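What follows is a set of notes on a single structure, which appears directly below.
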Amino acid sequence: MKAMLLAAGRGERMRPLTDNCPKPLLKVRGRPLIVWHILNLVKAGVTELVINHAHLGHMIEEALGDGSRYGASIQYSAEEQALETAGGIAKALHLLGDDPFIVVSADIYIPHFNFTECLNTLEDNNPWGNPLPLDERDIAWLYMVKNPSFHPGGDFALNLMGLSNEGTPRHTFANIGVYRPEMFASIRPGDHARLGPLLREYIDAGRIGGELYRGEWHNLGTPDQLEALNAPLNFKGTA
């Protein structure tokens with residue numbers, strides 16, 4: 001399985017830090033955000049990676065190179081202007097191949113996520129081993145987290161059949177998912193396209209599953225959040 005790391009965003013709310021440094025290269029606890037993902041993917045045996053970039057993209061390529069220092073093989077999908085999430089994935093499909101692939105936003109911090117959990121999420125057969133019709137197979141699998149304070153309403157509801165656009169309780173999309181390439185086939189390479197409307201369309205069709213991740217997760221948006229994560233950990237001694 002291959003993986004794509006989304007690194008094309010400008011990081012407006014993280015300015016002025018992102019004026020001269022791409023957001024995925026900002027360091028959290030001594031390591032660039034994107035490197036946390038690369039190392040965890042390689043640990044899970046996912047070594048073929050695609051990274052899209054736009055703002056200061058040359059710095060990302062210079063910092064990561066071909067990925068060999070991390071045990072990975074990295075290819076890049078350069079965008080003159082950021083194409084939004086679905087547009088960026090569609091542009092990189094020729095690098096991702098015909099099989100399901102992992103997509104993770106390079107600017108989230110989720111240090112303990114086990115990417116081996118992604119390897120068998122999209123099944124081609126039913127529980128009895130019979131092939132599922134193409135239009136009945138899950139086309140994506142999303143990881144959700146508990147709603148952070150800045151997004152109390154969440155994004156989607158989880159039920160026994162998968163994700164739902166309606167219902168409670170609602171959870172927040174963690175910006176990690178597994179997708180079949182055909183989900184993006186209708187988007188022309190180079191077109192701008194948001195992921196949200198596409199997700200909601202396939203959720204309504206009953207073709208997106210998901211699960212709740214309970215580990216540490218941060219969607220870094222501001223310099224204050226970054227500073228808080230990098231603050232020394234305070235442990236009180238015991239007598």
Side-chain angles (χ1 to χ4, degrees), residues 1-9 37 41 44-54 72-79 81-106 108 113 115-144 155-166 173-211 213:
M1 179 175 280
K2 295 184 178 182
M4 182 171 182
L5 292 97
L6 302 173
H37 300 312
L41 284 162
V46 181
T47 60
E48 294 185 67
L49 311 179
V50 175
I51 299 175
N52 72 330
H53 62 67
S73 174
I74 297 177
Q75 294 180 285
Y76 295 95
S77 179
E79 303 170 15
Q81 294 183 336
L83 299 175
E84 300 282 359
T85 300
I89 294 171
K91 185 178 185 297
L93 281 181
H94 68 289
L95 300 174
L96 292 165
D98 299 325
D99 297 324
F101 51 83
I102 300 166
V103 177
V104 53
S105 293
I108 62 170
F113 188 81
F115 283 98
T116 59
E117 297 183 6
C118 301
L119 301 182
N120 298 302
T121 54
L122 297 181
E123 298 289 346
D124 293 335
N125 301 322
N126 65 21
W128 298 274
N130 300 314
L132 289 165
L134 294 180
D135 61 354
E136 293 182 14
R137 296 175 182 175
D138 277 348
I139 202 164
W141 187 273
L142 306 186
Y143 290 87
M144 314 298 290
D155 295 308
F156 309 112
L158 273 171
N159 55 50
L160 292 177
M161 304 302 294
L163 294 184
S164 172
N165 289 315
E166 308 296 335
F173 177 35
N175 291 328
I176 297 178
V178 183
Y179 304 90
R180 296 186 190 272
E182 54 264 35
M183 181 172 174
F184 306 93
S186 64
I187 304 171
R188 294 182 303 178
D191 281 358
H192 288 74
R194 298 172 58 199
L195 181 61
L198 199 58
L199 292 177
R200 295 189 181 281
E201 174 186 342
Y202 279 104
I203 287 173
D204 276 340
R207 296 192 60 196
I208 296 185
E211 62 188 273
Y213 176 73

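None of these values were measured; they are calculated from a predicted model.
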Just one of Ile102, Leu195, Ile139 clears the side-chain contact (heavy atoms from CB on, under 4.5 Å) bar with Tyr179, so which one?
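So, applying the side-chain contact (heavy atoms from CB on, under 4.5 Å) to Tyr179 and each of Ile102, Leu195, Ile139, only Leu195 qualifies.
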Here's a test for you: under side-chain contact (heavy atoms from CB on, under 4.5 Å), which of Val103, Leu41, Asn52 qualifies with Leu5?
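With Leu5 as partner, side-chain contact (heavy atoms from CB on, under 4.5 Å) holds for just one option, Leu41.
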How long is the span from the [atom1] atom in [X] to the [atom2] atom in [Y], to the nearest 0.5 Å?
X	Y	atom1	atom2	value
Glu79	His192	CD	NE2	8.0 Å
Ile51	Met4	CD1	CE	9.5 Å
Ile74	Glu48	CD1	CD	12.0 Å
Thr85	Phe184	OG1	CZ	9.0 Å
Asn175	Met144	CG	CE	10.0 Å
Phe156	Arg200	CZ	CZ	4.5 Å

Once the angle between the rings of Tyr76 and His53 is folded into 0 to 90°, is it parallel (under 30°), tilted (30 to 60°) or perpendicular (over 60°)?
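Tilted, since the angle between the ring planes falls between 30° and 60°.
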Aromatic plane relationship, Phe115 with His37 - under 30° parallel, 30 to 60° tilted, over 60° perpendicular:
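Geometry flag for Phe115 against His37: perpendicular rings.
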Do [X] and [Y] have side-chain heavy atoms sitting under 4.5 Å apart?
X	Y	result
Ile89	Leu6	yes
Val104	Phe113	no
Thr121	Tyr143	yes
Asp124	Arg137	yes

Taking every non-hydrogen atom, the tightest pair across [X] and [Y]:
X	Y	result
Glu211	Trp141	OE2-NE1, 3.0 Å
Asp138	Ile208	OD1-N, 4.0 Å
Gly87	Ile187	CA-CG2, 4.5 Å
Leu198	Met183	CD2-O, 3.5 Å
Ala54	Ala82	CB-N, 3.8 Å
Val50	Ser77	CG1-CB, 4.5 Å

Start with the C-alpha distance between Arg194 and Leu199, add both sets of side-chain angles, then the distance that settles side-chain contact (heavy atoms from CB on, under 4.5 Å), and finish with yes or no.
CA-CA 9 Å; Arg194 298 172 58 199; Leu199 292 177; over 6 Å; no
For the CD atom on Glu182, are there more than 12 heavy atoms of other groups (residues, nucleotides or ligands in this structure) within a distance under 6.0 Å?
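More than 12 within 6.0 Å, yes.
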Asp98 atom CG, neighbour heavy-atom count above 12 within 6.0 Å
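No, not enclosed.
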Give the C-alpha distance, both sets of side-chain angles, the deciding distance and a yes or no for side-chain contact (heavy atoms from CB on, under 4.5 Å) between Ile176 and Ile108.
CA-CA 9 Å; Ile176 297 178; Ile108 62 170; 3.9 Å; yes
Stepwise side-chain contact (heavy atoms from CB on, under 4.5 Å) test for Val46 and Leu119
CA-CA 9 Å; Val46 181; Leu119 301 182; 3.9 Å; yes
